[in-house]
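Read the structure below first, then the notes.
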Amino acid sequence: MMSRSYTNLLDLAEGNFAALGPSGGGGRRRSGSFGMKRMSRVMTVPGTLSELDGEDDSEPAATNSVASDVPSSVSGERLLVVSNQLPIVARRRPDGRGWSFSWDDDSLLLQLRDGIPDDMEVLFVGGVRAEVPAAEQDEVAQALYDRFRCAAVFLPESLHDRFYHSFCKRTLWPLFHYMLPFTAPASPEPSSSSSSSASKKAPGNGRFDRGAWEAYVLANKFFFEKIVEVINPEDDYVWVHDYHLMALPTFLRRRFNRLRIGFFLHSPFPSSEIYRTLPVREEILKALLNCDLIGFHTFDYARHFLSCCSRMLGIEYQSKRGYIGLEYFGRTVGIKILPVGVHMDQLQSVLSLPDRQWRVSELQQQFEGKTVLLGVDDMDIFKGINLKLLAFENMLRTHPKWQGRAVLVQIAKPVRGKGKNLEAIEAEIHESYNRINGEFGNSGYSPVILIDRDVSSVEKSAFYTIAECVVVTAVRDGMNLTPYEYIVCRQGIATSESSSEVSVPKKSMLVVSEFIGCSPSLSGAIRINPWNVETTAEAMNEAISMSEQEKQLRHEKHYRYVSTHDVAYWSKSFVQDLERACKDHFRRTCWGIGLGFGFRVVALDPHFTKLNMDSIVMAYERSESRTILLDYDGTLVPQTSINKTPSAEVLRIINTLCSDERNIVFIVSGRGRDKLGEWFSSCPKLGIAAEHGYFLRWTRDEEWQTCAQASDFGWMEMAEPVMNLYTEATDGSYIETKESALVWHHQDADSGFGSSQAKEMLDHLESVLANEPVSVKSGQFIVEVKPQGVSKGVIAEKILASMKERGKKADFVLCIGDDRSDEDMFENIADIIKRGMVAPKTPLFACTVGQKPSKAKFYLDDTFEVATMLSTLADATDLEPIAGLADELSASVSSIDIGGEQTQSSDRTFRVL
């Protein structure tokens with residue numbers, strides 16, 4: 001029986017969380033509940049919203065049981081924006097009594113509200129960027145909710161350190177930026193206010209800390225519990241942000257099957273070769289697939305994610321009408337590709353500040369006669385600052401004309417974290433800075449100006465305004481909005497007091513790394529590989545040497561894109577796609593199945609139901625002329641089985657079904673007739689349709705019939721060389737030669753390469769065989785070429801038509817299969833009653849194996865359930881003669897001979913059970 005309680009951490013993580021008890025952060029407080037009581041547990045069972053029961057069997061069904069036992073005060077839809085940190089600045093008051101709060105205007109989460117519909121309320125859920133004592137957390141949480149509509153999540157200090165510093169920053173963040181832990185990571189510098197266990201060396205070899213992963217899951221559960229306190233699942237959308245909360249969708253989906261969940265990853269997603277090194281790789285993928293929409297900045301990041309799903313979970317994506325989706329147990333998980341933009345109003349408000357103009361004038365005077373190249377980066381190991389300095393040094397050396405004229409201003413924002421890698425990077429940067437200035441500088445000229453302090457937004461905009469070119473040499477970065485901000489600042493604003501600022505044609509130049517998220521959207525930028533110092537130097541020279549007209553044209557192109565694709569456009573587009581992805585949520589039937597991170601929701605069309613044993617047995621017993629059509633691979637034997645020979649039990653069931661004269665039983669398979677004939681030689685009354693119906697025989701003793709008019713197989717001589725070409729180039733693939741068809745198999749090849757080669761082969765064969773009477777189709781790990789007019793659907797019609805001609809119209813039809821070729825059969829029998837091929841009111845049981853989109857109306861989960869169902873029908877077949885004899889005896893026996901005397905017994909009835 002499926003558990004009715006919502007997930008606990010031991011079940012979800014499949015690990016031991018005892019280590020995260022009171023000393024490790026496991027003890028948790030429930031603070032900031034806003035007067036709400038906890039929600040009752042929700043059982044995970046199939047049904048519609050109104051059908052779900054209360055917590056106990058004795059409770060009556062509740063109208064809002066899927067959501068909460070707390071009546072919602074919300075009318076209309078809301079958007080819950082969930083992130084590691086709230087868009088709030090929290091400061092303790094100078095007198096030490098209480099806190100002051102304000103919005104963080106630079107926060108992307110706050111800015112995205114501009115794209116949300118006016119009638120949709122936005123509520124934020126996240127942590128507070130301040131250490132709030134436990135005694136004050138309830139008061140702070142209430143204040144944040146009342147004044148800012150922010151639900152605060154407070155993690156115990158030791159748990160936060162292991163969650164954020166150990167797993168997020170030492171495992172996920174480096175890995176997602178293509179940094180593998182070839183050596184044990186150095187211990188982080190302990191902060192002055194904390195002596196937590198995070199500052200100690202991780203247990204084991206330091207490459208993967210299982211305890212840190214458990215802390216990550218537990219922290220995600222804290223966020224989940226806070227969401228439960230404020231959510232109205234029937235009306236709310238949940239938008240989860242970034243890699244800190246990738247386990248959260250599983251918690252949410254397990255509690256609320258139909259909750260509308262979106263996720264956006266703001267960092268890169270690594271290639272499958274990098275990601276597959278993560279020991280919890282499948283757990284994270286499966287958690288993300290519990291979302292309805294997953295967003296990425298670029299197609300590269302999305303492609304890497306899709307490749308991981310294909311290689312590690314065997315899930316392939318499909319593209320329909322411009323939308324990419326993954327079919328995951330009946331649910332379509334949408335993939336959104338759209339880079340985030342800048343907040344235009346905020347940037348323009350900075351440009352209109354009164355002290356900006358004098359800062360610009362001051363900088364113009366300071367760099368008069370100089371060409372300024374600008375870099376704005378965090379002091380980060382992935383920003384490639386030293387590579388930029390080396391490239392600039394190379395430019396000065398190879399293009400001496402820029403000596404004394406070109407200046408590189410590098411703003412390096414300091415970061416709070418420290419570590420050996422960062423210290424080494426800082427040392428390299430200062431060494432290059434001193435060397436370049438020592439070699440090329442003089443008393444009136446410093447080629448490199450390094451600003452390693454926090455710079456205000458006004459000062460930064462002034463630097464953007466006077467820079468001829470911005471250079472970004474990050475070796476890996478999720479997005480990087482520096483080029484966008486630079487373009488807006490170079491454009492200026494029409495309301496500026498300086499009329500000359502808007503009258504002069506605008507120009508800008510960009511040299512950007514091809515490894516950052518904004519690169520694909522900046523088609524006019526010079527893209528570089530930052531690791532190649534020489535080409536980066538040439539790109540810098542090209543950028544500042546380019547003609548004024550070319551700079552203007554490139555700037556205009558970039559500004560059109562940046563100004564129309566701002567943060568409001570991004571959030572509006574994401575929410576619209578999330579609404580579209582969730583439009584069928586409350587129409588479909590859902591089941592929650594699986595344990596731990598294997599949990600998923602199976603969503604099915606209301607008309608697509610599991611085959612009910614009682615219903616089919618009742619219809620079977622009432623019928624007099626039955627047709628049973630069975631696929632073989634994946635239906636009677638598992639697809640994954642190496643030994644494909646039918647078991648003794650399968651042969652027994654088939655012989656039992658065939659023994660009833662009212663039954664016509666056929667194996668309808670793509671396999672060759674010789675192999676099928678050999679395997680089922682012990683079934684004399686079984687019909688076989690081999691090679692998708694090209695060959696047909698009604699019983700073992702009859703001759704094989706050819707069911708297609710094709711007799712010329714000259715096309716094989718054209719198709720086989722093409723298939724051989726791909727077989728030689730694709731390790732693990734092979735060709736199966738049938739009498740009527742050629743099949744290329746690639747299930748043992750690399751999944752990505754095999755699929756790619758199959759698509760290429762399909763196009764190649766269709767081109768080569770365009771004038772031949774054949775059809776080329778792809779299936780599950782196959783590409784098949786066969787004569788036209790040959791399909792399982794056609795042969796199913798032929799069998800039913802033959803029965804009609806013999807005066808035995810079918811009044812019961814059972815058709816079972818598992819792959820695309822069987823869909824033809826399901827489609828063709830859907831309207832056979834209207835076409836008069838079977839008796840009126842004939843029960844049709846088109847059944848697919850596995851819960852997946854299908855033209856069948858019924859499904860069974862696997863081959864075991866198929867065998868069980870057929871065995872049940874076989875048992876009903878065995879009992880029918882006995883039941884008939886019992887009825888005959890009951891009707892006719894009126895006397896019993898006892899001891900030689902005949903005793904009349906009209907009131908006795910004999911029944912044989």
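Reckoned from all heavy atoms, side chains included, excluding hydrogens, waters and symmetry mates.
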Does any non-hydrogen side-chain atom of L285 lie less than 4.5 Å from one of Y275?
yes
What do you reckon, is CZ of F101 surrounded by more than 12 foreign heavy atoms closer than 6.0 Å?
yes
Would you indicate whether Q549, at its atom CD, is surrounded by more than 12 heavy atoms from other residues, nucleotides or ligands within a distance under 6.0 Å?
no
Heavy-atom distance under 4.5 Å between the side chains of P233 and R258, does that happen here?
no
Which class fits the ring pair Y178 and H304: parallel under 30°, tilted 30 to 60°, perpendicular over 60°?
perpendicular
Apply the test side-chain hydrogen bond (donor to acceptor under 3.5 Å, both in side chains) to residues S461 and R359: give CA-CA distance (whole Å), side-chain angles for both, the deciding distance (0.1 Å), then the verdict.
CA-CA 9 Å; S461 71; R359 288 180 183 273; over 6 Å; no
Is atom CZ of R91 surrounded by more than 12 heavy atoms (other residues, nucleotides or ligands) closer than 6.0 Å?
no
Salt-bridged, R331 to D292, with N to O below 4.0 Å?
yes
Does E556 come within less than 4.0 Å of K551, counting only side-chain N to carboxylate O?
no
Please determine if K583 and E579 form a salt bridge, counting it only when a charged side-chain N lies under 4.0 Å from a carboxylate O.
no
Which heavy atom in I526 sits nearest to a heavy atom in M509, and how many Å separate them?
CD1-CE, 3.9 Å
Within a 6.0 Å radius of atom CH2 on W531, are there more than 12 heavy atoms belonging to other residues, nucleotides or ligands?
no
